[in-house]
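Below you'll find the structure, written out as structure tokens, and then a few comments.
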2 protein chains.
Amino acid sequence: MTVVQKSKVTRGQKGEQTRERILVKSGELFAAKGFFGTATRDIATAAGLQQPSLFFHFASKQAIADELLAYSLSRPKTFASRLVEEPGSAAARLYAYISFDTEHLASSPYDLTGIHQDGLLSMPDFRKWKLAGDALAQHIRTLIRQGHVDGSLLPLDPILVQHMISGINLNTIRRVGDKQRRKSGLPEFVADFILRGLLSSPRSLPSVQIEGRELLRLLKTDE
Amino acid sequence: MTVVQKSKVTRGQKGEQTRERILVKSGELFAAKGFFGTATRDIATAAGLQQPSLFFHFASKQAIADELLAYSLSRPKTFASRLVEEPGSAAARLYAYISFDTEHLASSPYDLTGIHQDGLLSMPDFRKWKLAGDALAQHIRTLIRQGHVDGSLLPLDPILVQHMISGINLNTIRRVGDKQRRKSGLPEFVADFILRGLLSSPRSLPSVQIEGRELLRLLKTDE
DNA sequence: GTCTATAAGCCGATAGAC
DNA sequence: GTCTATCGGCTTATAGAC
């Protein structure tokens, strides 16, 4: 949809395919052994290259993680920041967020679980993504607090609840294998489970689902 | 309580204190930077030692992680294996397990979150603990299936549910800061949340809580 | 128990040919 | 674009003095 960034995309088809293969394999290896536990040699071998050839496509090992982090965090952060200012019940908006994030992670061409492990984000070089992750967490906590105010959610500690949600989102995707990850219905499965744990009135779940899905559909069109 | 293992404990008080300090600092560093991201130099410095002095107390860097993994997995695994064969509703037994595990992790003198990151358990040297973790996961899945049979739990995919529970257990503890980690009520907080998400009848939660806590008290006495 | 000195290996990244 | 050759730095672990 965007017309910009030409100089990079222009370079041949083969280079772009290799670059993509590097990202995919890096994601798998980071998930299996962590960022620090993965050597650039391992990545190169998995991508069918010699180790130094990586550095034609990426300036550094960190640059690879950077691109994966961007894919992992940019859209969910934007989506959550919009949800905070949307009208409607907070429960439905939280439902929309969880569905969106789970689908985003599960349908990703890259395995994004590894880059959220280690203390990767505590390294100075990844400060940018640490801040993005913190902002996303804040949006989720805001949604939860809004649910306390409008009475749709149980008055549980927003920080603890946000940590639980993040833990679920990452761990449901992890190690579940491609077939199950892609299985449709996972986003609703996860959102249902979490909302049952948070709703002040369990019987309101069906209406929350309807309102949440409608909101999701609406926000996704003009993303 | 045990009378065995003398030769190790007998060596002076100072050595034992240093050994303990190494474990505590290792846990913190593994949590912050991951196992592979933490150098033995960092651990030694944090413990007030020179790097080679570590190897008087531990045969290798892995031996440190080994001890933390033993602390993290041994008791929960044993506890879960007993719960599987206990009588009573599966929901109550799952409640007991979640309370136990959360309290175990939260009251630990060591930060145990780091050793469950990276692909630490995928390394051949940690095969023993990989198997222990897999066994623990199987016990949890069995509990969930038992809940399908006795009708106390919703018929949700046991593998997905087990992944969600594991994700919550690890992430609620992580990065929450000591004061909140030790705050009493956390085990019940987590168990309540998960059970609300899984119970086939939301109104049965109070009785599940009572039965679960009773079971927890019972099994803890003759541990 | 803790130290200094040091070995042996792996790491990320660069230089330059093709 | 990908290769070979290679560098400097950092890593875990050992040897041996105190």
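In what follows, every chain begins at residue 1, and chains take the letters A, B, ... in the order their sequences are listed.
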Review point. How long is the line joining CZ of B:Phe56 and P of D:dA13, in whole Å?
Key: 17 Å

Under 3.5 Å, which donor-acceptor pairs link side chains of residues 29-42 of chain B to any protein atom two or more places apart or in another chain?
| residue | atom | partner | partner atom | Å |
| --- | --- | --- | --- | --- |
| B:Thr38 | OG1 | B:Leu29 | O | 3.2 |
| B:Thr38 | OG1 | B:Gly34 | O | 2.7 |
| B:Thr40 | OG1 | B:Gln51 | NE2 | 3.2 |
| B:Asp42 | OD2 | B:Ala39 | N | 3.2 |

Point to revise | DNA chain D-proximal residues of residues 34-50 of chain B, any heavy atom under 4.0 Å | key: B:Thr38, B:Ala39, B:Thr40, B:Arg41

Check your understanding: Can you name the closest pair of heavy atoms from A:Ala96 and A:Gly212 and give their distance?
Key -> CB-O, 3.6 Å

Review point. Going by atom types only, do B:Ser72 and B:His116 share a side-chain donor-acceptor pair under 3.5 Å?
Key: yes

Practice item. Could you state the atom-to-atom distance from CD of A:Gln51 to P of D:dC7 in whole Å? Key: 15 Å

Exercise for review: Can you tell me the distance, in whole Å, between the CZ atom of A:Phe30 and the C1' atom of C:dG12?
Suggested key: 12 Å

Review point. Looking at DNA chain C, which of residues 58-67 of chain B put a heavy atom within less than 4.0 Å of it?
Key: none

Study note, to complete from the structure: note: B:Glu16, atom CD; C:dG1, atom C1'; distance rounded to Å ~ 13 Å

Review point. For B:Ser53 and C:dG1, is the shortest distance between a side-chain N/O and OP1 or OP2 below 4.0 Å?
Key: no

Check your understanding: Which of the following nucleotides, C:dG1, D:dT2, D:dA5, is nearest to the side chain of A:Thr18?
Key -> D:dT2

Practice item. Applying salt bridge (Lys or Arg N to Asp or Glu O under 4.0 Å), name anything that partners A:Glu188, two or more places apart in sequence or on another chain. Key: none

Exercise for review: Could you tell me whether a side-chain N or O of B:His163 sits under 3.5 Å from a main-chain N or O of B:Pro158, the two making a donor and an acceptor?
Suggested key: no

Exercise for review: Count the heavy atoms of every other residue, nucleotide or ligand shown that sit under 6.0 Å from NZ of B:Lys61, and state whether that count exceeds 12.
Suggested key: yes

Exercise for review: Rounded off to whole Å, could you give me the CZ-to-P distance for the B:Phe55 and D:dT14 pair?
Suggested key: 7 Å

**Study point:** Any pair counted as side chain to side chain donor-acceptor pair (under 3.5 Å), so long as it reaches residues 127-147 of chain A, sequence neighbours left out
**Key:** A:Asp66-A:Trp129, A:Arg93-A:Gln146, A:Lys130-A:Asp134, A:Arg141-A:Gln162

Study note, to complete from the structure: Rounded to whole Å, the CG-C1' distance (B:Leu54 to C:dG1) equals 12 Å

Point to revise | Integer-rounded Å distance: C:dG1 C1' and B:Ile22 CD1 | key: 11 Å

**Study point:** Set of residues satisfying salt bridge (Lys or Arg N to Asp or Glu O under 4.0 Å) with respect to B:Glu223, sequence neighbours excluded
**Key:** B:Arg75

Review point. Aromatic ring centroids of A:Tyr110 and A:Tyr71 under 6.0 Å?
Key: yes

